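Following: one structure in structure tokens, then a few remarks.
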Amino acid sequence: QVQLAETGGGLVQAGDSLRLSCAASGRTFSSYALGWFRQAPGKEREAVAAINSRGINIYYKDSIKARFTISRDNANNTGYLQMNSLKPEDTAVYYCAASRKNIPSMKASDYDYWGQGTQVTVSS
């Protein structure tokens, strides 16, 4: 069992940066894939980025690839999403998720554990 908690969201202006953190409980976090997803009002949840347990295989949503960076610190059971050059269309609730299969999937159905989410609002 893994419990996840996201922090780092907030209200920023277009062009600013934020770093989201995903703190995980449990000793198995280091063996799980980690994904970041987001959901804007009235829209479906979408994948932003995913990373496997050792941080070797990484995938990004095409539209954010040059601006966001996913990483993880297994020694501290924490995952990160560095977001630069934020745009108003990045406004959403951001969720981290963990997958026992250790496949850095961009599909929400492949993830077993989810955090509660953190709100990111980007003003123009």
Side-chain angles (χ1 to χ4, degrees):
Q1 185 78 10
V2 173
Q3 292 184 323
L4 306 173
E6 305 93 338
T7 57
L11 171 62
V12 297
Q13 294 186 331
D16 287 350
S17 297
L18 279 176
R19 188 175 80 156
L20 305 183
S21 297
C22 175
S25 65
R27 285 177 281 182
T28 53
F29 172 77
S30 61
S31 64
Y32 292 177
L34 176 70
W36 284 96
F37 292 76
R38 68 185 182 186
Q39 188 165 19
K43 296 188 176 181
E44 293 187 354
R45 188 171 298 191
E46 65 176 1
V48 175
I51 187 170
N52 73 337
S53 63
R54 298 184 66 182
I56 296 173
N57 297 320
I58 295 174
Y59 300 95
Y60 293 101
K61 175 179 170 64
D62 284 344
S63 64
I64 60 92
K65 189 179 298 186
R67 299 185 294 120
F68 291 9
T69 303
I70 188 172
S71 62
R72 63 190 300 160
D73 179 354
N74 288 336
N76 289 301
N77 276 5
T78 305
Y80 301 100
L81 184 68
Q82 176 68 42
M83 306 187 295
N84 299 328
S85 302
L86 283 161
K87 304 176 180 181
E89 52 263 43
D90 295 318
T91 295
V93 177
Y94 283 71
Y95 300 88
C96 64
S99 169
R100 291 194 301 263
K101 294 191 290 290
N102 193 26
I103 298 173
S105 171
M106 298 294 273
K107 292 170 56 180
S109 58
D110 286 333
Y111 288 83
D112 305 292
Y113 306 104
W114 291 81
Q116 293 298 308
T118 185
Q119 176 71 47
V120 171
T121 303
V122 185
S123 64
S124 58

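This structure is a prediction, so every number in the text was calculated from the model and none was measured.
The CD1 atom of Ile70 lies 7.0 Å from the CD1 atom of Ile58; values are rounded to the nearest 0.5 Å.
Listed by first then second residue, pairs satisfying side-chain hydrogen bond (donor to acceptor under 3.5 Å, both in side chains) with a partner in residues 115-124 read Gln119-Thr121, not counting sequence neighbours. Listed by first and then second residue, the ring-ring contact (aromatic ring centres under 6.0 Å, His included) pairs that reach into residues 43-68 come to none, sequence neighbours excluded. The list of salt bridge (Lys or Arg N to Asp or Glu O under 4.0 Å) pairs with a residue in residues 111-124, not counting sequence neighbours, reads Arg100-Asp112. Among pairs with a residue in residues 69-97, those fulfilling salt bridge (Lys or Arg N to Asp or Glu O under 4.0 Å) read Arg38-Asp90, Arg67-Asp90, at least two apart in sequence or across chains.
In this structure, Trp36 contributes its side chain and Tyr80 its backbone to a donor-acceptor pair below 3.5 Å. Between the side chain of Ser25 and the main chain of Gln3, a donor-acceptor pair closer than 3.5 Å is present. Side chain of Asn52 to backbone of Asn57: a donor-acceptor contact under 3.5 angstrom is found.
In this pair, Tyr32 and Tyr113 present their aromatic rings parallel. The plane angle is below 30°, not in the 30 to 60° band.
Here the closest heavy-atom approach between residue Gln39 and residue Lys43 is recorded as NE2-O, 3.1 Å. When every heavy atom of Ala24 is checked against every heavy atom of Val2, the shortest pair comes out as CB-CG1, 4.1 Å. Closest heavy-atom contact between Tyr111 and Ala50: OH-CB, 3.5 Å. The two atoms that bring Cys96 and Leu34 nearest to each other are CB-CD1, 4.2 Å, heavy atoms only.
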Return a table of donor-acceptor pairs under 3.5 angstrom between the side chains of residues 103-110 and protein atoms on other chains or two or more places apart.
{"from": "Ser105", "atom 1": "OG", "to": "Lys107", "atom 2": "N", "distance (Å)": "2.9"}
{"from": "Ser105", "atom 1": "OG", "to": "Asp110", "atom 2": "OD2", "distance (Å)": "2.6"}

List, one per line, each side-chain donor-acceptor pair under 3.5 Å for residues 10-23, sequence neighbours excluded.
{"from": "Asp16", "atom 1": "OD2", "to": "Gln13", "atom 2": "N", "distance (Å)": "3.1"}
{"from": "Ser17", "atom 1": "OG", "to": "Asn84", "atom 2": "OD1", "distance (Å)": "3.0"}

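Phe29 is listed as a side-chain neighbour of Asn74, based on a closest heavy-atom distance under 4.5 Å.
Taking hydrophobic clusters as Ile, Leu, Val, Met, Phe, Trp and Tyr residues chained together by side-chain heavy-atom distances below 4.5 Å, Ile51 shares a cluster with Leu81.
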